[in-house]
Number of protein chains: 2
Amino acid sequence: MIGNLIEYINSKIDSKLTESDIDLLSETFHLKRIRKHQYFIQSGDVCKIAGFIVKGALKKYTIDNLGKENILELYIENWWAGDKESFMIGTPTPYYIDAYEDTDLLVITKEDFNNKLSKLSCLTELNNALTERQSFQLMKRLYSSQTLTAEQRLEQLQNTHPEFFQRFPQHIIASYLGMTKETLSRIRSNALKK
Amino acid sequence: MIGNLIEYINSKIDSKLTESDIDLLSETFHLKRIRKHQYFIQSGDVCKIAGFIVKGALKKYTIDNLGKENILELYIENWWAGDKESFMIGTPTPYYIDAYEDTDLLVITKEDFNNKLSKLSCLTELNNALTERQSFQLMKRLYSSQTLTAEQRLEQLQNTHPEFFQRFPQHIIASYLGMTKETLSRIRSNALKK
DNA sequence: AAAAAACGTTGATGTAAGTCAACGTTTTTT
DNA sequence: AAAAAACGTTGACTTACATCAACGTTTTTT
């Protein structure tokens, strides 16, 4: 289990993790299993853990006053799940995250993150790099959301994250793209006719 | 001029800048004046400088194939202007940034940022904190863009950034909010009738 | 194996917001 | 002071996409 995390970190940093780094990681991260449809976090929670996905798939969303899910992020293997703002600052999260497949996570508490992992400078750097990357991608998604048509947004997602289409059903993809499942279905059937 | 930057940094960090820190900053940042309508960066440029706004107002936007501006960010005093992705990674920017008012910036080159400022750990930390904050805000804007009506988005901006309404004309605010100037105008006149 | 739930599609209809165009007012330029 | 540009508003019309509803298929649960 922890092997996936080690491999992931090594692939993202310039140096390599030492034996003692790996020991530290092994005793700090814990396995958490979530079955399909179970929550990882719920709106109102303070997000006290962050999780690295070893296996499985999750979705992050809000629920509006009509009970409709608005999906904001999709997560699969080798991604981090959680609400970073709530985790870092300690504010209640407005989001839900639940498992779309049975999922294995390696989780870490805020305390361990602050106390134990701050010693691993490569991890702090990795965290910073990921935050930065996340912010670049959000900028692009915001731009797409404001300026592209539903059809263009679909095409873009097919280019940037083709794997999502293998893992999530169409109505979830549609919500992630900010459109209804009916619209997505019609776009696809029109595309076929061409 | 540099006083504004010092004051800004001191207000954002836990400690205070030392005399030698201030000397380093003074010799690293340079004043750049941009007159109204001039570009700070243009699409295709590699963004080699980042700028702290001492006085003035700028807008960041793309231009679509019909020549229409899509405004992504608005900047005023005490903000940083630039395309961070292009600045950090060295890729050509897809954005334009130009001055909406005559603007004074304190700018720093990528080389100086890497070589000189890496010595100031408080600045690296500030940079990381700002990136993180930026990413949280982009998440909220993405959510708003995908789920709120034009009217709700306007109301939200009036709460979060009332200052924009003093500094930018309505058609710029409208574009920033992802709607047309006509829609914004109609929303406001409807709101008045209530 | 049967029942229930989840999923995807299609048609009819509704609507929020965009487009186009004209016009008055304010600001900037010369 | 005159001309030009920028700005904001309003009306008529269009459109992309949402909503509502029904139905067939596939997957999951029991």
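What you see below is based on every heavy atom in this structure, not just the backbone, and it leaves out hydrogens, waters and symmetry mates. So that the names make sense, note that chain A is the first sequence line, chain B the second, and so on, each numbered from 1.
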Closest approach of B:L105 to B:G51 (non-hydrogen atoms, all atoms of both residues):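 Looking at all heavy atoms of both residues, the closest pair is CD2-C, 4.0 Å.
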Report, one line per pair, each donor and acceptor closer than 3.5 Å where one atom sits in a side chain of residues 111-123 of chain A; sequence neighbours left out.
| from | atom 1 | to | atom 2 | distance (Å) |
| --- | --- | --- | --- | --- |
| A:N115 | ND2 | A:E111 | O | 3.2 |
| A:S118 | OG | A:N114 | O | 2.7 |
| A:S118 | OG | A:N115 | O | 3.3 |

Value for NZ (B:K60) from CZ (B:F40), rounded to nearest 0.5 Å, stands at 11.0 Å
A:I6: which residues meet the side chain to side chain contact (heavy atoms under 4.5 Å, CB included) condition with it, sequence neighbours left out? A:I2, A:N10, A:L17, A:I22, A:L25
For B:A50, enumerate each residue passing the side chain to side chain contact (heavy atoms under 4.5 Å, CB included) test, keeping only those at least two apart in sequence or located in another chain.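 Side chain to side chain contact (heavy atoms under 4.5 Å, CB included) check on B:A50 returns B:F87, B:I108.
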How would you list, by chain and number, every residue that makes a salt bridge (Lys or Arg N to Asp or Glu O under 4.0 Å) with B:D102, sequence neighbours excluded?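 Listed in chain order: B:R35.
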Taking B:S135 for the side chain and B:T131 for the main chain, is one N or O donor matched with an acceptor at less than 3.5 Å?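 It does not hold such a pair.
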So does A:D83 get a backbone contact from the side chain of A:S86, meaning a donor-acceptor N/O pair under 3.5 Å? no
Give me the other members of the hydrophobic cluster that A:L148 sits in, counting Ile, Leu, Val, Met, Phe, Trp and Tyr linked by side-chain heavy atoms under 4.5 Å, directly or via other members. none
Under 4.5 Å between side-chain heavy atoms, chaining through other members, with only Ile, Leu, Val, Met, Phe, Trp and Tyr counted: pull out the rest of the cluster around A:Y95, sorted by chain and number.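 A:L72, A:L138, A:M139, A:L142, A:Y143, B:L72, B:Y95, B:L138, B:M139, B:L142, B:Y143, all in the cluster of A:Y95.
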When you list every nucleotide of DNA chain D with an atom under 4.0 Å from a heavy atom of chain B, which one comes first 5' to 3', and which comes last? D:dC7 to D:dA12
Dot-bracket line, read 5' to 3' along DNA chain D, where crossing pairs take [ ] and | marks a partner on another strand, Watson-Crick or G-U under 3.5 Å: ||||||||||||||||||||||||||||||
Walk me through whether B:E85 and A:K140 qualify under salt bridge (Lys or Arg N to Asp or Glu O under 4.0 Å). CA-CA 11 Å; B:E85 180 163 4; A:K140 284 169 197 156; 3.2 Å; yes
For B:K36 and for A:R186, locate the closest nucleotide of DNA chain D by heavy-atom distance; then report the residue assigned to the nucleotide nearer the 5' terminus. B:K36
On DNA chain D, nearest-nucleotide positions of B:H37 versus B:L184: which is more 5'? B:H37
Quiz: residues 162-169 of chain A side-chain donor-acceptor pairs under 3.5 angstrom, not counting sequence neighbours:
| from | atom 1 | to | atom 2 | distance (Å) |
| --- | --- | --- | --- | --- |
| A:E163 | OE2 | A:H161 | ND1 | 3.0 |
| A:R167 | NE | A:E101 | OE2 | 3.0 |
| A:R167 | NH1 | A:E77 | OE1 | 2.9 |
| A:R167 | NH2 | A:G56 | O | 3.2 |
| A:R167 | NH2 | A:E77 | OE1 | 3.4 |
| A:R167 | NH2 | A:E77 | OE2 | 3.0 |
| A:R167 | NH2 | A:E101 | OE1 | 3.0 |

For DNA chain C, determine which residues of residues 62-77 of chain A have any heavy atom closer than 4.0 angstrom to one of its atoms, and list them numerically. none
Tell me which residues in residues 162-182 of chain A put a heavy atom below 4.0 Å from DNA chain C, sorted by number, or none.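 Those residues whose heavy atoms fall under 4.0 Å from DNA chain C, taken from residues 162-182 of chain A in numerical order, are A:P169, A:Q170, A:H171, A:E182.
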According to the salt bridge (charged side-chain N to carboxylate O under 4.0 Å, His left out) rule, which pairs have a member within residues 61-72 of chain B, sequence neighbours left out?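 Counting only pairs at least two positions apart or across chains, the salt bridge (charged side-chain N to carboxylate O under 4.0 Å, His left out) contacts touching residues 61-72 of chain B are B:K59-B:E69.
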